[in-house]
Every structure is written in C-alpha cells, then in structure tokens.
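Written out below as structure tokens is the structure these notes cover.
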Amino acid sequence: MADETSRPDNFLRDIIARDVDAGTHAGRVAMRFPPEPNGYPHLGHAQSIWLNFGLAEQFGGTCNLRFDDTNPETESEEYARALEDAVRWLGYDPAAVVYASDYFEQMYAWAQELIRKGLAYVDSQSEAAIREGRGTVKEPGTESPFRERPAEESLRLLEEMRRGEHPDGSHVLRAKIDMAHPNMKMRDPLMYRIRRDAHHYRTGTDWAIYPLYDWAHGQGDAIEGITHSVCTLEFDVNRPLYDWYLDAIGIPEPRNHQYEFARLNVEATVMSKRKLRRLVEDGVVAGWDDPRMPTIAGLRRRGVRPEAVRQFAALAGVSKVNGRTDLALLEHAIRDDLNGIAKRVMAVTEPVRLVIENVDEAVTLDAPYWPHDVTPPEGAPLSRPLRLPREVWIERGDFAVEPPKGWRRLSPGREVWLRHGFVIECTGYETDETGAVTLVRATADLATLTGDPEGRKVRGAIHWVSAEDAVPATFRLYDRLFAHPAPDELDDFMTAINPESLVIAEGWVEPSVTEDAADTRYQFERTGFFWQDPEDSAPDALVFNQIVSLKDGWAKKSASAAANPQKEKPKPSVPTGPRDPAASLSEDQRETYSALAVRGVGREEAAVLATDDALRGLFESVASRVDDPAEAGNLVVHDFRRALGDSAIADSAASGQDLADVLGLVRSGDLSRNAVGDVLQHLIAEGGTAAEAVETLGVGAVDESAIAAAVDEALAANPAEVERYRAGEQKLFGFFVGQTMRRAPKGADPKAVQAVLRERLS
RNA sequence: UGCCCUGUAGCUCAAUUGGCAGAGCGCCAGUUUCUGGAUCUGGAGGUUCAAGGUUCGAUUCCUUGCGGGGCAACCA
C-alpha cells in the first residue's frame with residue numbers, strides 16, 4: 001500500500017503498540033470495521049476504514065469487515081454491498097467478510113446461559129413501563145416486577161419468543177445488572193426484542209427475536225478473536241456493558257477491549273445518514289453519488305482517488321475531541337495526489353473570442369503536458385502538438401477593460417503570454433449593446449515564439465484553445481454544498497445550502513483529450529483538476545467534473561480586500577478570585593476538614609482527606625508516626641494516590657508504617673524526593689519495607705561523583721544549549737537538570753544536581 | 001440533581017509519560033516560474049481554559065470552577 005503521510009502518533013496506535021510490546025495477545029493484532037448496513041458509506045466511514053485496516057496493516061495484523069446487522073427493519077443487501085465496495089475501493093482487503101447474524105445461534109445459547117446463571121430475565125412490561133422504570137440520568141430506576149421470575153419460566157418464554165409465539169413488544173430479554181447504576185446503560189439493558197414479522201436480509205424469517213447492539217457487538221468481537229475494538233466516542237458509556245457481557249459469558253483475558261475515538265466532521269458538510277437522505281430526497285443533489293456529497297460514491301464520481309481519501313484521513317488525525325476538520329485539508333490532500341499524475345491541458349470554460357490580427361497561418365506548437373517541477377509518471381506522453389491559429393477562445397475573466405491594481409492578464413495596451421505560444425498585446429475589443437465584451441483584438445510578437453528574447457519580461461500567461469480545433473464541452477464546477485461552516489449546528493441545515501455549489505458552464509477543450517482514456521484526470525491549466533463524468537460524458541458530448549479547483553491567490557486577494565477583515569476580539573477574562581477548598585464539602589466533612597487544617601495539613605489536602613475515609617485512615621496512621629501532618633498529608637494525597645493508580649486503597653500492600661518510613665528516608669537524605677513515587681509503587685504492589693524497596697529498586701542516595709559525572713555528560717551532549725545558556729538564556733537551567741536526571745542513577749537528588757550544575761555553568 | 005469523555009497556534013493533531021511547547025494545513029512575505037498553481041525559503045500566530053495545590057521543575061499529577069461533547073431508542 002502506498003505510504004500515507006502518517007501522523008507521528010495517535011493514542012490508539014500507542015495502545016496497540018504497548019500491547020504488542022507486552023505480548024498481551026502473543027503479539028497478535030486483530031481489528032474489525034463493523035458498519036451497520038443501513039446507509040451509504042461516507043467520509044466518516046472512510047476514516048474508520050483507514051483507521052482499522054491501517055492499524056492492522058501497521059502491526060502486521062488482520063482486519064475483518066463485519067456487518068452489524070442486528071436490526072432487520074433498516075438494513076439491506078444494497079447497503080452492505082456499497083460498504084464492501086468502499087472498503088475495497090480504498091485499497092483494503094478484509095481478512096474475512098462476516099456478519100453479526102452469523103452468530104445469532106451462539107448468542108442465543110449464551111443468553112440461555114445468562115438466564116440460568118440468574119444474570120438475565122424475560123421482562124413482560126410494556127415498552128412505556130420499561131422506559132418509565134429506567135429512571136432518568138439524575139434519578140435511579142426501579143426494578144421490574146418480572147425481575148425475579150424463575151429461570152425456567154424465562155427460558156421457556158425466550159424459546160417461545162424466538163419461535164414467534166408472542167407479538168412484538170410483549171416481552172424482552174434483559175440483563176440483570178443494577179437499576180440504580182449511575183450509568184444508564186447498566187440499568188438492566190435489553191438483550192433481545194421481538195420483531196416477529198420483520199424480514200432480515202440474510203436470515204429471512206428464521207428468527208422472531210433480534211439481539212440489540214450491546215448484546216451482539218462484543219460477542220462478535222470475541223468470536224472473531226478481535227484484540228482491539230475501535231468505535232466512536234458516543235459508545236464510551238457502553239464500554240462497561242461491553243465488558244460486563246464478556247464477563248457474564250465467561251470470556252477470559254486476554255480478550256477484546258473497546259477503545260473510542262472522535263468521529264470525523266468536515267467543515268461545510270453534513271455527515272448523518274438522515275441529513276444526507278434529505279438532500280437526496282429533496283432533490284438538492286442529483287443522488288447519493290452527486291459529486292457534492294461527502295459519500296464515497298460522491299467523492300468517487302467527482303474524480304477523487306482513494307489515495308487522496310486515505311491521505312486526508314491520516315492528515316485529519318485521531319483523538320478524543322469532537323472537532324471539525326478544515327475543508328482546506330481535504331482539498332490539499334486531493335490536489336497533492338493529483339498534482340503528480342494529472343497532465344496539464346487547456347480548456348476554456350467561459351469563452352470570449354480573441355483575434356490575433358498579424359497571424360494568418362496557424363502555428364503548430366509542441367506543448368509539454370507536464371510543468372518543469374513535476375516528473376511525469378512512467379510511460380506517460382510528454383507533450384502533444386497544439387495548433388495556434390488566428391482565432392482562439394480565451395477566458396472571459398482573463399480580459400479586463402479597466403484592469404484593477406495588480407492585474408497580470410489581458411487588457412487594452414497590455415501584454416501577456418498565450419500559454420506555450422507567444423506574447424500578445426491587446427489592441428482593442430468589441431462590445432454588444434449591453435456593454436459585454438464580444439471580441440478581443442491583439443497582435444502577436446512572433447519573436448517570442450521560440451522563447452523569451454533577451455530583456456523581455458512578461459508577467460502573466462493565460463490559457464486558450466484554438467477556435468478552429470477545440471471540442472465543445474460542458475464543465476460542472478463544484479463548490480462546497482453549504483455556505484455555512486457547520487450546517488448541522490443550524491436549526492435547519494437546509495437553509496445553508498450554497499446556491500452556487502454547482503455551476504454548469506459550456507465552453508471548449510483542446511482536441512487532444514479525445515484520444516485519452518475516459519477516466520484520465522487532467523489539470524486544466526489555471527482552472528483546476530477535472531475528469532469526465534463517468535455517467536454523463538460521451539465522446540460526442542463531453543462532460544467534465546471539476547475534482548478540485550486550483551488555489552487561487554488572485555481571487556483570494558480580491559476577496560479579502562472586499563470583505564473587511566474582522567479582528568478577533570480578545571475573550572473577556574473572568575477573575576475567579578480566591579477559592580475555599582472546603583466550599584463543596586458537606587457539613588460533617590467540613591468539620592473534619594477544619595480539624596485537619598488546624599493540625600497543619602494543607603487546605604487542598606485536608607479537603608481531599610475529608611471526603612475519603614479510607615485515605616484519611618491511612619493518613620492518620622502515617623501522621624501518628626511522624627510529627628509533621630502537612631508532610632504526611634502531601635505524601636498520602638499526592639504521592640501515594642498517584643502511585644496507587646486505578647487500584648483501591650484496600651488492595652495496597654503498603655502500611656502507614658511503610659509510608660512513615662519513606663518520609664523518614666527522605667528526611668535523612670537517604671531517599672530523593674524524586675524517587676518517592678517509584679518506591680511507593682513498589683510498596684503498594686509488592687509489600688516489604690521501605691528500606692528493602694529502596695534497595696531493590698536501586699534508588700538509594702547517589703554520591704557526589706556520580707552526579708558530577710552525569711552533569712558533565714549532559715553538558716557535553718548539549719554544547720549548543722550550554723552556549724545559549726552562557727549567552728543569557730537562563731530558562732535552560734531546567735533543561736540541564738532534566739538531561740542530567742535522565743543520565744544519573746535513579747536515586748539522584750535534583751537539589752544536588754542543581755548545585756553541581758550551578759558550579760559547572762558559572 | 002447524577003455519571004462518563006474532553007479542553008495545547010485560525011483548523012487538525014504532537015510533545016520521549018514530570019525536564020527547551022512542536023508539526024501539517026491555513027495565513028503573510030520572499031524565491032522561482034510562460035499555470036496568480038506547484039516548488040523552495042522565511043515569518044507571524046501560545047496566559048497549554050481558569051484559579052489554587054504537590055514538586056527543584058507541571059501541557060503532563062491533585063482539587064475546584066468554567067467551556068465543549070455524550071448517556072434516560074424494544075437504533076447502532
């Protein structure tokens with residue numbers, strides 16, 4: 001696969017790399033792209049495809065294409081096919097093409113198992129009652145009266161549901177978790193619903209019940225041996241449920257885990273299926289493959305190549321922040337891709353006739369297809385003959401009766417190059433009764449035909465086509481579909497439609513194009529990249545789609561001169577003022593807080609301790625052994641808690657005595673403050689005494705000579721920085737400390753390092 | 001009366017896991033040019049959301065506040 005400009009890193013790559021290094025799945029990486037076949041694929045899918053398949057590729061892993069077809073009412077074969085086409089068009093080959101519906105039988109067996117284990121039950125409440133019972137985001141739910149139904153009864157009902165003996169909505173299967181769970185997804189989520197009369201595009205009427213997303217997704221991942229299950233951000237609240245189901249059916253570690261990233265949004269377009277459908281149904285666009293659509297089909301018909309789409313996905317990057325990517329980035333990726341493969345030819349989209357008065361016989365030029373700075377693709381023709389006769393078409397926009405400042409094109413009395421030809425000077429023009437220019441007159445300087453004679457400097461060059469030889473053509477000039485950067489944030493996104501998103505122009509193209517393959521991509525010089533519309537173009541009626549325009553410095557300059565540049569106003573800074581750390585404490589907690597503060601514990605630390613009984617217990621245990629409550633508070637609240645990470649205090653093997661010993665070692669100078677974290681981590685995980693931990697970790701006090709050696713090494717390795725420091729860049733001192741700490745033995749005391757550094761650098 | 005995710009340049013993302021705040025795109029200049037493209041060079045642009053705390057040292061750890069997003073479908 002072609003090399004994309006790859007980002008230095010993204011967090012998903014980091015996670016996978018860490019797992020591979022740790023040998024978590026014996027180094028295996030298995031991804032999957034899991035679309036629901038209920039709509040046409042778009043740029044967002046493209047990024048997901050790039051991410052999943054690309055990541056798998058990078059780590060020598062596999063990636064499946066799995067259709068998440070658990071909802072028979074919205075899904076179809078047609079969509080599934082479009083999705084698979086998109087994957088292959090983007091250049092990826094799935095290790096396997098699979099379907100969630102392949103696993104229905106297995107999922108059913110697991111569901112029975114959950115019922116037997118008392119982890120699931122058939123609920124016979126109405127849909128409304130279930131909704132009611134779920135509570136709200138701020139209030140706990142209530143348990144269903146069917147929650148304790150005997151397993152045999154649930155089993156029997158489920159079997160009947162499966163066979164279609166119960167009408168839609170009469171029963172559901174629910175997991176038995178916790179109706180008061182702060183995460184709504186965990187309040188006895190539904191596993192199966194009845195869709196008795198639905199016709200699934202693959203399983204037909206075999207099933208009368210269908211699994212819900214959560215009860216299907218992780219299981220599919222597990223069956224396929226997926227290692228990293230990547231999905232979009234809104235599923236982060238589903239992750240606990242994903243893991244709960246895997247636990248419930250007994251999938252052991254190492255197993256599949258879910259990670260979330262932010263879906264792609266692009267400036268001036270919409271990406272939701274609903275909105276895209278509205279554009280099609282309201283006739284705003286010509287169809288799902290209209291070149292203005294952000295669909296894969298649209299991009300494809302526009303003439304964009306998969307290389308550009310992949311490049312764009314890579315450039316856009318991956319993170320957990322919802323943002324909106326500049327359209328300029330997409331356009332850049334497209335231009336960058338086409339720049340090296342599109343031959344340059346000439347076409348005039350808005351023609352006006354130019355008569356060269358001193359030319360009678362046409363001149364035939366040998367015009368290069370490629371500019372000097374592009375190396376042509378292998379085997380590509382290098383040039384074509386071009387007839388330049390007395391009359392040619394030029395672009396209406398390239399002639400001005402009264403040229404504005406900075407004009408480099410034609411106007412009365414001025415000179416320009418006719419691209420590949422000679423310099424002409426405008427001698428006059430004709431207009432019709434409305435004042436519109438109908439014809440431009442010029443004389444050629446034939447001496448310039450073979451090159452630029454000494455001392456002649458003509459700034460501009462305009463493109464043209466022979467009026468005698470050119471072929472008529474229709475040009476579809478596409479622009480952004482929406483005139484607003486974020487149409488989906490509007491009350492009605494349809495009000496933001498850009499009326500000029502498609503301009504159809506009738507003009508002329510040079511005859512050489514009729515000899516090219518129909519899917520040839522061109523740059524029409526000074527206009528943009530084009531190709532023939534794959535549906536509507538015919539040899540005797542050429543239709544060209546603009547893939548992307550060229551960057552137009554002149555248009556930008558005139559536009560920005562017109563619109564008065566508005567300066568961003570500085571955001572008003574709201575003074576926050578001093579804060580009471582105890583402000584959000586309850587009455588009781590506040591009392592505890594005050595007592596701690598009086599004893600000398602820092603206020604921030606006291607506030608933390610007041611809300612956490614377990615932590616406060618540990619603190620008291622430490623404080624009773626050292627006579628400095630402030631230090632004990634800092635150690636427990638900051639160092640200990642950080643070292644603890646995600647584990648619980650109860651799981652810590654470190655005692656109050658151990659922590660007190662650590663403080664003692666710091667005080668006596670036997671342990672650097674810098675190494676406290678490592679020692680604590682060791683004590684928490686392994687137990688033992690503080691002294692032993694220092695010993696095993698080798699972070700004991702470091703003698704002066706070793707520090708001096710590290711300092712010298714650090715300074716020697718960064719001579720330029722030393723010079724800058726000596727020249728007055730004081731802030732580099734911290735940099736040297738860091739460099740030295742990295743080289744010195746683990747237990748080195750930064751204060752000692754600084755002392756040596758100061759001496760060496762003075 | 002909640003829970004989760006998340007705030008770094010105009011935009012999209014980095015920052016060797018606590019040690020000189022960077023890149024691409026965009027923008028502005030200059031270079032080059034028979035494409036106002038491309039190339040090449042340079043530049044501007046930062047209170048790392050804010051205030052406290054821990055630390056020799058904080059974009060990174062802690063606390064609180066503020067902003068953005070998500071969660072109450074028998075959708076995914």
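We name chains A, B, ... by the order of the sequence lines, and we start the count at 1 in each one. The structure displayed is predicted, hence computed values, not measured ones.
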Quick check: does any side chain N or O of A/T740 sit under 3.5 Å from a backbone N or O of A/F736, one acting as donor and the other as acceptor?
yes
Nearest-Å distance once atom C1' is located in both B/rU60 and B/rG53:
15 Å
Given the P atoms of B/rG19 and B/rC11, what is the spacing between them in whole Å?
26 Å
B/rU6 P sits how many Å from A/K320 NZ, rounded?
5 Å
Picking from B/rG52, B/rC34, B/rG37, the nucleotide nearest the side-chain atoms of A/H372 would be B/rG37
Atom pair distance, as rounded to whole Å: CG in A/L158 and P in B/rC74
18 Å
Send over the distance from A/F235 CZ to B/rC3 P, rounded to a whole Å.
23 Å
Considering residues at least two apart in sequence or located in another chain, which fulfil the side chain to side chain donor-acceptor pair (under 3.5 Å) criterion with A/Y210?
none
Using the C1' atom in both, what is the distance from B/rU8 to B/rC4, to the nearest Å?
23 Å
Decide yes or no on salt bridge (Lys or Arg N to Asp or Glu O under 4.0 Å) for A/D488 and A/R324, but give the supporting numbers first.
CA-CA 11 Å; A/D488 45 9; A/R324 185 172 302 278; 3.2 Å; yes
How would you list, by chain and number, every residue that makes a side chain to side chain donor-acceptor pair (under 3.5 Å) with A/D628, sequence neighbours excluded?
none
What nucleotide, of B/rG36, B/rU35, B/rG19, holds the atom closest to the side chain of A/R409?
B/rG36
Most 5' of A/R324 and A/N718 on RNA chain B, judged by nearest nucleotide:
A/R324
Just N and O in the side chain of A/T74: are any of them under 4.0 Å from OP1 or OP2 of B/rC75?
no
Rounded to whole angstroms, how far apart are OH on A/Y121 and C1' on B/rC74?
13 Å
Determine whether a donor-acceptor pair (N or O, by modelled atom type, separation under 3.5 Å) exists between the side chain of A/D69 and the backbone of A/S101.
yes
Phosphate OP1/OP2 of B/rG26 contacted by A/K551 side-chain N/O (<4.0 Å):
yes
With a 4.0 Å cut-off on heavy atoms, is A/S126 in touch with a base, just the backbone sugar-phosphate, or nothing at all?
base
Provide, to the nearest angstrom, the distance between the CZ atom belonging to A/F529 and the P atom belonging to B/rU35.
15 Å
Provide the distance between the two C1' atoms, one in B/rG46 and one in B/rG22, to the nearest whole Å.
12 Å
Could you work out the separation of B/rG18 and B/rU55 based on their C1' atoms and round it to a whole Å?
9 Å
Residue met sooner reading RNA chain B from 5', once A/Q739 and A/G323 are mapped to nucleotides
A/G323
Nucleotides 55-59 of chain B: which of its N/O atoms have a protein N/O under 3.5 Å away?
{"unit_1": "B/rC56", "atom_1": "O2", "unit_2": "A/Q754", "atom_2": "NE2", "d": "2.9"}
{"unit_1": "B/rC56", "atom_1": "N4", "unit_2": "A/N674", "atom_2": "OD1", "d": "2.9"}
{"unit_1": "B/rG57", "atom_1": "O6", "unit_2": "A/N674", "atom_2": "OD1", "d": "3.2"}

Side chain of A/R526, heavy atoms from C-beta onward: which of B/rG19, B/rG36, B/rC25 has the nearest atom to it?
B/rG36
Distance in angstrom units between A/D373 CG and B/rA38 C1', rounded
5 Å
Between B/rU31 and B/rG68, how far is it from one C1' atom to the other, in whole Å?
43 Å
Residues 631-638 of chain A, side-chain donor-acceptor partners within the protein, below 3.5 Å, at least two apart:
{"unit_1": "A/H638", "atom_1": "NE2", "unit_2": "A/E605", "atom_2": "OE2", "d": "2.6"}

Can a side chain N or O of A/R131 be found less than 4.0 Å away from OP1 or OP2 on B/rA72?
no
List the residues meeting ring pair (Phe, Tyr, Trp, His ring centres under 6.0 Å) with A/Y593, not counting sequence neighbours, and say none if there are none.
none
Atom pair distance, as rounded to whole Å: NZ in A/K185 and C1' in B/rC4:
12 Å
Strictly below 4.0 Å: does A/T70 bring a side-chain N or O up to OP1 or OP2 of B/rA76?
yes
Touch check for A/R344, heavy atoms < 4.0 angstrom, all strands: base, sugar-phosphate only, or nothing?
base
Between B/rU17, B/rU63, B/rA73, which one does the side chain of A/R134 approach most closely?
B/rA73
Does A/K457 have a side-chain nitrogen or oxygen under 4.0 Å from the phosphate oxygens OP1 or OP2 of B/rU32?
no
Are the side chain of A/R335 and the backbone of A/S549 linked by a donor-acceptor contact shorter than 3.5 Å?
yes
If we take the C1' atom in both B/rG36 and B/rG30, what is their distance in whole Å?
15 Å
Per the under-4.0 Å heavy-atom filter, residues of residues 187-195 of chain A near RNA chain B come out as A/L190, A/R193, A/R195
Sugar-phosphate, base or nothing in reach of A/W407, heavy atoms under 4.0 Å:
base
What's the closest nucleotide to the A/A461 side chain, out of B/rA72, B/rU35, B/rC75?
B/rU35
Using the C1' atom as the reference point in each nucleotide, state the distance between B/rA9 and B/rC49 in Å, no decimals.
15 Å
Assigned partner base of B/rG36, Watson-Crick or wobble definition, under 3.5 Å
none
pair_partner(B/rG2), Watson-Crick or wobble, both distances < 3.5 Å, evaluates to B/rC71
Out of B/rG37, B/rA72, B/rG36, whichever nucleotide has its closest atom nearest the side chain of A/V137:
B/rA72
Can you tell me how far C1' of B/rA76 sits from CZ of A/R274, to the nearest Å?
16 Å
